[in-house]
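Encoded as structure tokens, the structure appears first; notes follow it.
Just so we're on the same page: letters track the sequence lines, and every chain starts at 1.
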Amino acid sequence: MTDYLNEYCMHDHTCGELRSDAVGDEVTLAGWVWHNRDHGGLIFVDLRDREGYTQCVFDPDCVSEADFHTAEHLAREWVIQVRGTVRARDDEAVNPNMATGQIEILVSAITVLNTSVTPPFAIEDGIETDETTRMKWRYIDLRRPEMYDALLLRHKVTRAMRAALDERGFLEVETPILANSTPEGARDYIVPSRPNPGRFYALPQSPQQFKQMLMVGGIERYYQIARCFRDEDLRADRQPEFTQVDIEMSFVENEEVMDMMEDVMASTLEAVGVTHSFPLQRMQWKEAMDRFGCDRPDVRFGMELVDLTDIVRDCGFKVFSSVAQGGGVVKAINAKGAGDWSRGEVEKLADIAAANGAKGMAWIAFTTDGKEKSPIIKFFSDEEFAALKKAMDVEPGDLLLFAADTFDTASAVLAALRLHMAEALDIPREGHALLWVVNFPMFRLDEETGKYAAEHHPFTMIPESDWDKIETAPLECGSYSYDLVMDGFEAGGGTIRIHTADLQRRVLRRCGLTDEEIDVKFGHLIHALELGAPPHGGIALGLDRLVMLLAGKDSIRDVIAFPKTSSAADPMTGAPGEVSGRQLKEVSLRLL
RNA sequence: GGGGUGUUAGCUCAGUUGGUUAGAGCGCCGGCCUGUCACGUCGGAGGUCGUGGGUUCAAGUCCCAUACAUCCCGCCA
């Protein structure tokens with residue numbers, strides 16, 4: 001099965017493939033010394049490669065004195081080649097925890113291909129070494145089986161997606177890395193142009209505009225495993241460069257893109273042994289916000305948000321009633337199982353609420369022995385309290401956490417608390433849950449600038465029935481948009497695009513651009529739309545996040561071969577580094 | 001830009017109220033060992049306590065600043 005791995009190289013078997021049926025065979029293996037157990041008169045060496053490991057035995061009766069002496073001085077991570085005979089282990093010597101544990105290699109000759117200094121950390125799974133240390137010596141970190149498995153999984157995912165897209169007539173097309181800065185969106189990585197002093201390329205935040213141009217160019221179905229760059233602060237699920245599976249189709253509406261994506265996802269998940277039912281649930285954005293407080297809900301557990309605004313509108317607790325009467329919302333979650341938490345533990349949750357914009361956090365605890373604890377119960381009438389308990393489905397052992405604020409802030413607060421409580425209460429979240437969140441609002445109001453901005457991006461198609469609201473009631477405009485949500489992460493997002501110049505101009509104007517700015521920054525797009533752009537739309541999947549979730553990792557750094565630290569640095573190569581004065585001069589730059 | 005946590009041996013960590021020579025496990029080096037597979041066993045080496053100031057008779061420990069890492073908020077159309 002792995003025969004091809006033994007072509008073109010200096011071994012005829014990998015370290016993971018030999019079984020009892022090979023007993024008696026003369027074999028050659030090559031790999032890294034993993035463990036070396038020297039018993040004086042007998043030496044066991046576990047030889048490891050990416051496929052597994054095999055025990056090699058050095059018996060002084062079977063190897064030359066020189067080779068035995070060599071084996072005595074082997075150390076971890078030395079690179080060796082051994083020749084020997086496959087031998088069945090005695091019954092008591094069989095290692096059931098080892099794939100190759102029924103056999104061993106009785107070595108007849110050894111060649112040291114390279115030595116190694118002592119590695120800075122152990123080459124094995126489950127280490128807790130600091131990530132910076134692992135990144136500095138990433139090449140040995142990658143020797144660890146779990147790292148290899150992550151890269152293998154990533155490879156399988158991209159391979160399955162390529163195959164599925166190819167079967168459906170998609171062309172893989174490369175788009176430029178040296179592109180133009182886009183006026184909106186994330187901060188760009190910029191690259192000076194030597195022949196054009198004072199001018200800069202920007203690395204693409206996504207191939208968005210190029211893929212739309214490909215549709216205008218008649219490619220009809222495009223995809224690309226595309227590297228994207230954003231110069232923003234990092235997170236566990238954010239890197240300065242990351243990979244999108246970027247897809248675009250012509251002559252489609254939103255349902256068709258989602259159907260296509262589900263088919264591609266279905267074969268991708270199948271290829272990596274994950275079962276999930278299709279078709280996927282399609283949840284309206286508003287419903288996601290109402291029920292989960294966020295547009296990428298983890299639907300593997302409940303603890304949904306409950307709107308209590310009407311119940312508390314006239315209650316004696318001024319914080320609630322004034323918010324309710326002032327146009328805000330009062331919502332709560334029921335953290336079942338936290339009812340016996342101490343007051344101190346509960347009050348600490350207010351820090352999480354505050355971090356998400358809340359001014360405070362009310363709570364009511366229902367202890368398992370039937371008592372009620374809370375600083376706010378006294379403000380409610382019996383009827384109000386009964387209605388509240390009914391709405392929250394209260395039982396002994398429950399802890400209610402409240403947010404009274406604007407819809408946006410209350411949602412953010414409770415969404416954060418919901419995830420925190422799920423973690424704290426160890427609520428099971430096994431397997432994977434995919435769904436679509438659809439129909440995002442087209443615009444949102446930027447409170448700082450007072451301007452409207454596109455929620456997804458300004459190329460998103462608006463349902464025709466909402467076109468007249470672009471100028472009059474932008475916040476009520478819907479959009480043909482769809483996010484693929486997986487386990488509480490945005491695994492992908494897409495839209496149907498605007499394909500007529502007039503509508504595109506109206507949307508860009510609504511985002512605060514003048515006609516002149518539109519011509520300068522988006523002239524190429526407008527021209528393209530004027531030259532017979534077909535209806536089109538697409539989606540981009542966050543490959544790193546998808547693989548992270550499938551691999552069960554907490555960080556996309558674990559599924560990227562050479563990731564960067566939170567300051568966007570690479571401890572291995574030292575990037576970003578300084579450049580010489582001559583290099584700066586060549587691109588007409590001077591440092592401040 | 002803001003907040004939390006952390007930085008002590010190659011790795012992972014402990015280090016009490018500020019008080020003798022800063023410890024442990026793993027790893028490493030040397031000896032012994034023919035059935036181990038986290039081999040065992042005996043011995044040994046290894047430290048600018050992130051960096052810079054300060055308080056003090058005395059600082060790993062207290063204070064200030066700073067760097068780096070990591071998580072979160074902002075940000076990420």
Whether A:Lys564 and A:Glu241 form a salt bridge (side-chain N of Lys/Arg under 4.0 Å from carboxylate O of Asp/Glu) is what I want to check. yes
Using atom C1' in both nucleotides, what's the gap between B:C28 and B:A9 to the nearest angstrom? 11 Å
Could you please spell out the steps behind the salt bridge (Lys or Arg N to Asp or Glu O under 4.0 Å) verdict for A:Asp519 and A:Arg505? CA-CA 9 Å; A:Asp519 289 337; A:Arg505 275 189 186 278; 2.9 Å; yes
Could you measure between the two C1' atoms, the one in B:A67 and the one in B:G30, and give it in whole Å? 40 Å
Work out how far the P atom of B:G60 is from that of B:G54, and round it to whole angstrom. 15 Å
Do any N or O atoms from the side chain of A:Gln205 and from the backbone of A:Tyr189 form a donor-acceptor pair under 3.5 angstrom? no
Is the shortest distance from a Lys or Arg side-chain nitrogen in A:Glu423 or A:Arg429 to a carboxylate oxygen in the other one below 4.0 Å? yes
Partner nucleotide, any strand, of B:U41 [Watson-Crick/G-U, under 3.5 Å]: B:G31
Checking contacts here: which listed nucleotide (B:C76, B:C75, B:U70) is nearest the side-chain heavy atoms of A:Met135? B:U70
Count the heavy atoms belonging to other residues, nucleotides or ligands that lie under 6.0 Å from CZ of A:Arg83, then report whether that count exceeds 12. no
Span that lies between the C1' atom of B:A22 and that of B:G4, in whole angstrom: 29 Å
Below 4.0 angstrom, which residues in residues 122-134 of chain A have at least one non-hydrogen atom near RNA chain B? A:Glu128, A:Thr129, A:Asp130, A:Thr132
Checking A:Lys553 against A:Phe489: charged group under 6.0 Å from the ring centre and within 45 degrees of the axis? no
Using the P atom as the reference point in each nucleotide, state the distance between B:U51 and B:C11 in Å, no decimals. 14 Å
Do the side chains of A:Asp246 and A:Lys211 get close enough for a salt bridge, i.e. N-O under 4.0 angstrom? yes
Polar pair under 3.5 Å, donor/acceptor by atom type, side chain A:Arg238, base B:C76: yes
For B:G6, the Watson-Crick or wobble partner whose two distances fall under 3.5 Å: B:C68
Just by modelled atom types, is the A:Ile123 backbone N or O under 3.5 Å from a matching donor or acceptor in the A:Trp34 side chain? yes
Both distances under 3.5 Å, Watson-Crick or G-U wobble: report the partner of B:U48, or none. none
Checking salt bridge (Lys or Arg N to Asp or Glu O under 4.0 Å) for the pair A:Asp141/A:Arg134: CA distance, chi angles, key distance, verdict? CA-CA 6 Å; A:Asp141 195 35; A:Arg134 287 172 49 206; 2.9 Å; yes
Would you state whether a donor and an acceptor, one from the side chain of A:Asp233 and one from the base of B:G74, lie under 3.5 Å apart? yes
Identify the nucleotide, in any strand shown, that forms a Watson-Crick or G-U wobble pair with B:G19, with both distances under 3.5 Å; if there is none, say none. B:C57
Which parts of nucleotides 33-39 of chain B does protein reach within less than 4.0 Å, heavy atoms only, written one letter per nucleotide 5' to 3' as B for base, S for sugar-phosphate only and - for none? BBBBB-B
Would A:Glu471 and A:Arg510 pass as an ion pair if we require N to O under 4.0 Å? no
Below 4.0 angstrom, N of the basic side chain to O of the carboxylate: do A:Glu232 and A:Arg230 qualify? no
Name the pairs: protein N/O against N/O of nucleotides 49-52 of chain B, kept only if under 3.5 Å.
none

